[in-house]
Q: 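The structure under discussion is supplied below as structure tokens; questions concerning it will follow.
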Amino acid sequence: MVAFALLFRSLWHILRILFRQEEQKALMLAVLFILSIGTIFYHNIEGMTYLDALYFSVMTLATVGYGDLSPQTAFGKLFSILYVFVRVGILTALIANFNRALAEYHKKKRHNERKTETSNNG
């Protein structure tokens, strides 16, 4: 339980770093926008319920692709092909930003540890 609390604390600090970045805010808006577009499209064109359409959009965004749902129309398949390329780019940018925030967090953590050691030794 202690390990989980420490991990959650670290994740909280990383998320705080992430959401101070303007690029990350724009990416999160892009994710919401792309999920909305996918949900509306799959609902209207493929006839999926809103929940199924959102589920399908998220699974495809995360590149999971369970295969339990799939587009049935030619237009839906073409849209999905383009949709995947856009989402992969957004997902790649999200991962890159998360890695940058993680590196910044560890850099600050090492700096604070060195500062503490210096003040304790001095």
Side-chain angles (χ1 to χ4, degrees):
M1 188 65 172
V2 173
F4 177 76
L6 292 173
L7 179 65
F8 186 76
R9 181 176 168 253
S10 296
L11 182 61
W12 175 252
H13 288 293
I14 292 165
L15 290 174
R16 286 181 51 211
I17 291 168
L18 270 174
F19 286 104
R20 278 185 285 203
Q21 300 171 357
E22 291 301 318
E23 181 181 351
Q24 185 65 27
K25 291 175 187 174
L27 280 170
M28 292 308 291
L29 285 174
V31 167
L32 289 174
F33 179 73
I34 197 87
L35 286 175
S36 298
I37 294 294
T39 300
I40 292 166
F41 176 85
Y42 291 120
H43 173 74
N44 290 329
I45 302 301
E46 294 294 322
M48 295 179 183
T49 65
Y50 280 112
L51 181 59
D52 282 346
L54 176 62
Y55 168 79
F56 183 69
S57 296
V58 169
M59 289 303 112
T60 309
L61 174 66
T63 67
V64 174
Y66 288 128
D68 53 346
L69 296 174
S70 62
Q72 303 302 310
T73 65
F75 188 50
K77 291 175 183 177
L78 288 172
F79 175 81
S80 295
I81 291 168
L82 296 173
Y83 196 57
V84 166
F85 286 120
V86 170
R87 288 177 293 183
V88 168
I90 290 172
L91 187 62
T92 301
L94 283 170
I95 291 169
N97 274 0
F98 186 82
N99 285 335
R100 270 189 251 135
L102 187 62
E104 184 179 333
Y105 168 72
H106 284 295
K107 184 178 177 182
K108 284 180 180 182
K109 189 175 176 183
R110 281 192 303 271
H111 176 65
N112 289 340
E113 287 171 356
R114 285 187 198 127
K115 192 190 289 188
T116 304
E117 286 176 11
T118 305
S119 65
N120 289 340
N121 292 334

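Predicted model, so just to flag it, every value in this text is computed and none were measured.
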Q: Minimum heavy-atom separation for F56 to S70, with atom names?
A: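 That would be CE1-CA, 4.0 Å.
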Q: Given the rule that I, L, V, M, F, W and Y join up when any side-chain heavy atoms are under 4.5 Å apart, are V86 and L94 in one cluster?
A: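 Yes, same cluster.
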Q: Below 4.0 angstrom, N of the basic side chain to O of the carboxylate: do K108 and E104 qualify?
A: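 Salt bridge: yes.
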Q: In the structure I gave you, are the side-chain heavy atoms of D52 and H43 within less than 4.5 Å of one another anywhere?
A: no
Q: For K25, does the NZ atom have more than 12 heavy-atom neighbours from other residues, nucleotides or ligands under 6.0 Å away?
A: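 Enclosed: over 12 neighbouring heavy atoms sit under 6.0 Å from NZ of K25.
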Q: What is the ring orientation for F41 with F79, classed by angle as parallel under 30°, tilted 30 to 60°, or perpendicular over 60°?
A: parallel
Q: In terms of hydrophobic clusters joined by side-chain contacts under 4.5 Å, are F75 and L69 together?
A: yes
Q: Identify the residue among N44, L51, V58, L54 that makes a side chain to side chain contact (heavy atoms under 4.5 Å, CB included) with T39.
A: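 Checked N44, L51, V58, L54 against T39; only one passes side chain to side chain contact (heavy atoms under 4.5 Å, CB included): L54.
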Q: Mind listing the side-chain donor-acceptor pairs of residues 30-38 below 3.5 Å, one per line with the distance, residues two or more places apart or on another chain?
A:
{"from": "S36", "atom 1": "OG", "to": "L32", "atom 2": "O", "distance (Å)": "2.8"}

Q: Output the distance between atom OG1 (T92) and atom CG (L27), rounded to the nearest 0.5 Å.
A: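 If we round to the nearest 0.5 Å, T92:OG1 and L27:CG are 10.5 Å apart.
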Q: Rounded to the nearest 0.5 Å, how far apart are OH of Y105 and NZ of K107?
A: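 If we round to the nearest 0.5 Å, Y105:OH and K107:NZ are 15.5 Å apart.
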Q: Apply side-chain hydrogen bond (donor to acceptor under 3.5 Å, both in side chains) to D68 and list each qualifying residue two or more places apart in sequence or on a separate chain.
A: Y55
Q: Can you list everything that forms a side-chain hydrogen bond (donor to acceptor under 3.5 Å, both in side chains) with Y83? Sequence neighbours excluded, please.
A: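 Listed in chain order: nothing, the list is empty.
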Q: Do you know which two heavy atoms are closest between Y42 and G76, and how far apart they sit?
A: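 Looking at all heavy atoms of both residues, the closest pair is CE2-O, 4.4 Å.
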Q: For the side chain of E46 and the backbone of Q72, is there at least one donor-acceptor N/O pair under 3.5 Å apart?
A: yes
Q: Side-chain contact, heavy-atom cut-off 4.5 Å: L82 with L78?
A: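 The answer is no, as the side chains (C-beta and beyond) never meet within the 4.5 Å cut-off.
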